[in-house]
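Structure record follows, encoded as structure tokens.
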Amino acid sequence: EVLETKCWGLGDDICQFEATIASDSDEAPKVDQKIDTMDLIATLASKASKAIELNKKLKKKDEIFNKQLEFAQKIQKKIIPHMDAFKSEYFDFYSYLKPFRKVGGDFYDFFLGEGNNRVGIAIADMAGHGIDAAMITGMVKLTLKHCSQKKGLLNKPSKVMEFVETDVLDVVPDNFFSMIYIVLDPDQHSLCYSNAGHPSAILYRKNQNIMQFLHANQPLIGLSPYMDEYPFTQQSTHYEKGDQLFLYTDGITELRDNNGQFYKMNTMLDIIRHSKSLPISEVSEKIIASLDKHRQDRDFEDDVCLIGIQL
């Protein structure tokens with residue numbers, strides 16, 4: 001009697017089996033006791049047929065999922081601009097984005113002012129990874145695009161945040177994410193920003209050799225239904241020509257090494273301080289190199305995004 005069979009798929013048409021066989025009687029089987037070979041072969045053949053069929057179905061589903069993932073990846077690459085598309089006579093721009101999977105929840109975008117020299121820059125970090133998070137980044141992209149078509153709206157960070165909050169809640173309630181939106185004005189040497197629960201941006205004031213952190217000034221996007229008052233606020237500060245601005249997601253601060261130790265923000269700050277004579281691209285690449293050095297051979301566990309701007 002065949003009591004149990006175990007099957008492992010080794011490919012499309014090959015399986016490996018183990019069978020547990022027992023005698024029909026309570027007595028221990030004798031060495032020369034014969035087993036009904038035909039029954040055993042029939043049982044194993046039935047198991048093999050089912051296993052091969054299941055393996056083919058799983059492979060088909062995997063192929064469909066990978067095609068969907070590749071399609072989502074192509075779309076996300078279209079909606080997140082390459083840094084070479086940033087053209088400004090007043091600012092230099094660098095960006096690095098590495099999704100945890102083929103697609104991810106980290107997102108950035110920029111808008112060059114028409115008729116003025118202002119630049120709007122957004123960075124956001126959706127909850128989770130994969131296709132679901134990527135779909136939310138697409139929604140944020142469309143909302144920002146809609147804002148860009150309303151004259152003067154992109155110059156008001158608090159209003160932009162209000163539009164994003166409203167649009168996301170209309171479609172996917174109970175979804176939360178962090179985001180910063182910053183407007184740079186080279187004529188006034190000023191920046192105005194709203195930070196919805198995102199890691200603090202770093203404004204490096206070179207002449208004073210100090211770091212100013214643009215801390216969160218409002219809750220995460222998506223939380224307004226759970227608050228009596230949701231403050232859509234913005235703050236402003238001035239900068240000097242030559243200062244540098246860095247925006248990033250928590251994939252940097254939560255990166256761990258083989259021992260589980262987190263990447264230290266002081267490492268990033270020291271690189272910025274000690275590279276003050278370098279262009280923004282080289283400073284940013286030094287930061288990325290320090291991330292790779294820190295994680296050693298440990299894989300990334302989150303999306304990673306870094307933006308550097310030479311003011």
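Given the structure is predicted, the values throughout are model-derived calculations rather than measurements. Below, all heavy atoms of this structure are taken into account, side chains as well, without hydrogens, waters or symmetry copies.
- In summary, the side chains of Tyr108 and Ser95 do present a donor paired with an acceptor at a separation below 3.5 Å, with no hydrogens or angles considered.
- No donor-acceptor distance shorter than 3.5 angstrom exists from the side chain of Asp170 to the backbone of Asp167, with no hydrogens or angles considered.
- Taking every heavy atom of both residues into account, Ile280 and Ile309 meet most closely at CG1-N, 3.6 Å.
- Between Leu203 and Thr237, some side-chain heavy-atom pair lies under the 4.5 Å cut-off.
- Contact annotation: the side chain of Gln244 approaches that of Lys206 to within less than 4.5 Å [non-hydrogen atoms, C-beta and beyond].
- A donor-acceptor pair under 3.5 Å is formed between the side chain of His274 and the backbone N or O of Asp270.
- The structure places OG of Ser88 at 13.5 Å from CZ of Arg118, a figure rounded to the nearest 0.5 Å.
- Within a 6.0 Å radius of NZ in Lys276, other residues, nucleotides and ligands contribute more than 12 heavy atoms.
- Using a 4.5 Å cut-off between side-chain heavy atoms of Ile, Leu, Val, Met, Phe, Trp and Tyr, with links allowed through other members, Val171 and Tyr226 fall into the same hydrophobic cluster.
- Relative orientation of the Phe86 and Phe110 rings is perpendicular, given thresholds of 30° and 60° on the angle between their planes.
- In this structure, the separation between CD1 on Ile307 and CD1 on Ile182 is 9.0 Å, given to the nearest 0.5 Å.
- In this structure, Ile210 is not a member of the same hydrophobic cluster as Ile271, with clusters built from ILVMFWY side-chain heavy atoms closer than 4.5 Å.
- Heavy atoms only, all atoms of each residue included: Leu112 and Lys87 are closest at CD1-O, 3.3 Å.
- Inter-residue side-chain proximity for Val164 and Met179 is flagged as met; some heavy-atom pair is nearer than 4.5 Å.
- Taking the centre of each ring, Tyr230 and Phe232 come in below the 6.0 Å mark.
- Sequence neighbours left out, not one pair with a member in residues 220-238 passes salt bridge (charged side-chain N to carboxylate O under 4.0 Å, His left out).
- Annotation for Asp187 and Asp185: closest pair N-OD1, 3.0 Å, computed over non-hydrogen atoms.
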Pair Phe163, Met161 - check side chain to side chain contact (heavy atoms under 4.5 Å, CB included), show working. CA-CA 5 Å; Phe163 266 85; Met161 288 295 196; over 6 Å; no

Report the C-alpha separation of His238 and Ser190 in whole Å, then their side-chain angles, then the decisive distance to 0.1 Å, and conclude whether the side-chain hydrogen bond (donor to acceptor under 3.5 Å, both in side chains) test is met. CA-CA 4 Å; His238 285 84; Ser190 68; 5.1 Å; no

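- Rounding to the nearest 0.5 Å gives a distance of 8.5 Å between CD1 of Ile288 and CD of Glu285.
- Inter-residue side-chain proximity for Tyr90 and Val119 is flagged as unmet; no heavy-atom pair is nearer than 4.5 Å.
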Steps toward side chain to side chain contact (heavy atoms under 4.5 Å, CB included) verdict (Phe107, Val140): CA-CA 9 Å; Phe107 165 83; Val140 176; 3.8 Å; yes

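- The pair Asp109-Lys141 meets the salt-bridge criterion, with a side-chain N (NZ, NE, NH1 or NH2) lying under 4.0 Å from an Asp/Glu carboxylate O.
- Pro157 is listed as a side-chain neighbour of Val183, based on a closest heavy-atom distance under 4.5 Å.
- Between Pro199 and Ser178, the shortest heavy-atom contact is CD-OG, 4.4 Å.
- Contact of the Phe246 side chain with the Ser284 side chain is registered, since non-hydrogen atoms from C-beta on lie closer than 4.5 Å.
- Linking ILVMFWY side-chain heavy atoms closer than 4.5 Å, directly or via other members, places Tyr239 and Phe213 in a single hydrophobic cluster.
- Proximity of the aromatic rings of Tyr193 and Tyr181 is defined here by a centroid distance below 6.0 angstrom, and this criterion is not met.
- Taken together through direct or relayed side-chain contacts under 4.5 Å among Ile, Leu, Val, Met, Phe, Trp and Tyr, Val172 and Phe176 form part of one hydrophobic cluster.
- Taking 4.0 Å as the cut-off between side-chain N and carboxylate O, Glu301 and Arg256 count as a salt-bridged pair.
- Using a 4.0 Å cut-off between charged side-chain N and carboxylate O, Arg295 and Asp257 make no salt bridge.
- Distance OH/Tyr94 to CD1/Ile287: 9.0 Å, rounded to 0.5 Å.
- Contact record, Cys305 with Ile252: O-CD1, 3.8 Å, taken as the closest heavy-atom pair.
- In the hydrophobic clustering of this structure, Leu153 does not group with Leu142; members are Ile, Leu, Val, Met, Phe, Trp, Tyr whose side-chain heavy atoms approach within less than 4.5 Å, directly or through other members.
- Under the side-chain hydrogen bond (donor to acceptor under 3.5 Å, both in side chains) test applied with Thr249, the options Asp302, Asp106, Asp303 reduce to a single match, Asp106.
- Asn217 and Gln235 share a donor-acceptor pair across their side chains, judged by distance under 3.5 Å alone.
- Side chain of His294 to backbone of Tyr263: a donor-acceptor contact under 3.5 angstrom is found.
- Once rounded to the nearest 0.5 Å, the distance linking CD1 of Ile272 with OH of Tyr204 reads 8.5 Å.
- Distance alone, capped at 3.5 Å, is enough to place a donor-acceptor pair between the Glu165 side chain and the Gly222 backbone.
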Take Val160 and Thr143 through the side chain to side chain contact (heavy atoms under 4.5 Å, CB included) test and state the conclusion after the steps. CA-CA 9 Å; Val160 170; Thr143 299; over 6 Å; no

Does the pair Ser158 and Thr233 meet the rule for a side chain to side chain contact (heavy atoms under 4.5 Å, CB included), with working shown? CA-CA 5 Å; Ser158 62; Thr233 59; 5.7 Å; no

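- Atom CG in Asn117 sits 11.0 Å away from atom CD in Gln188 (nearest 0.5 Å).
- Between the side chain of Gln310 and the backbone N or O of Phe91 there is no donor-acceptor pair closer than 3.5 Å.
- Counting heavy atoms from C-beta on, the side chains of Leu169 and Ser224 come closer than 4.5 Å.
- Side-chain contact check for Phe177 versus Leu220: every heavy-atom pair is 4.5 Å or farther apart.
- Side-chain atoms of Tyr96 do not come within 3.5 Å of backbone N or O of Gly308 as any donor-acceptor pair.
- The minimum heavy-atom distance between Asn195 and Leu214, with the atom names listed, is ND2-O, 3.0 Å.
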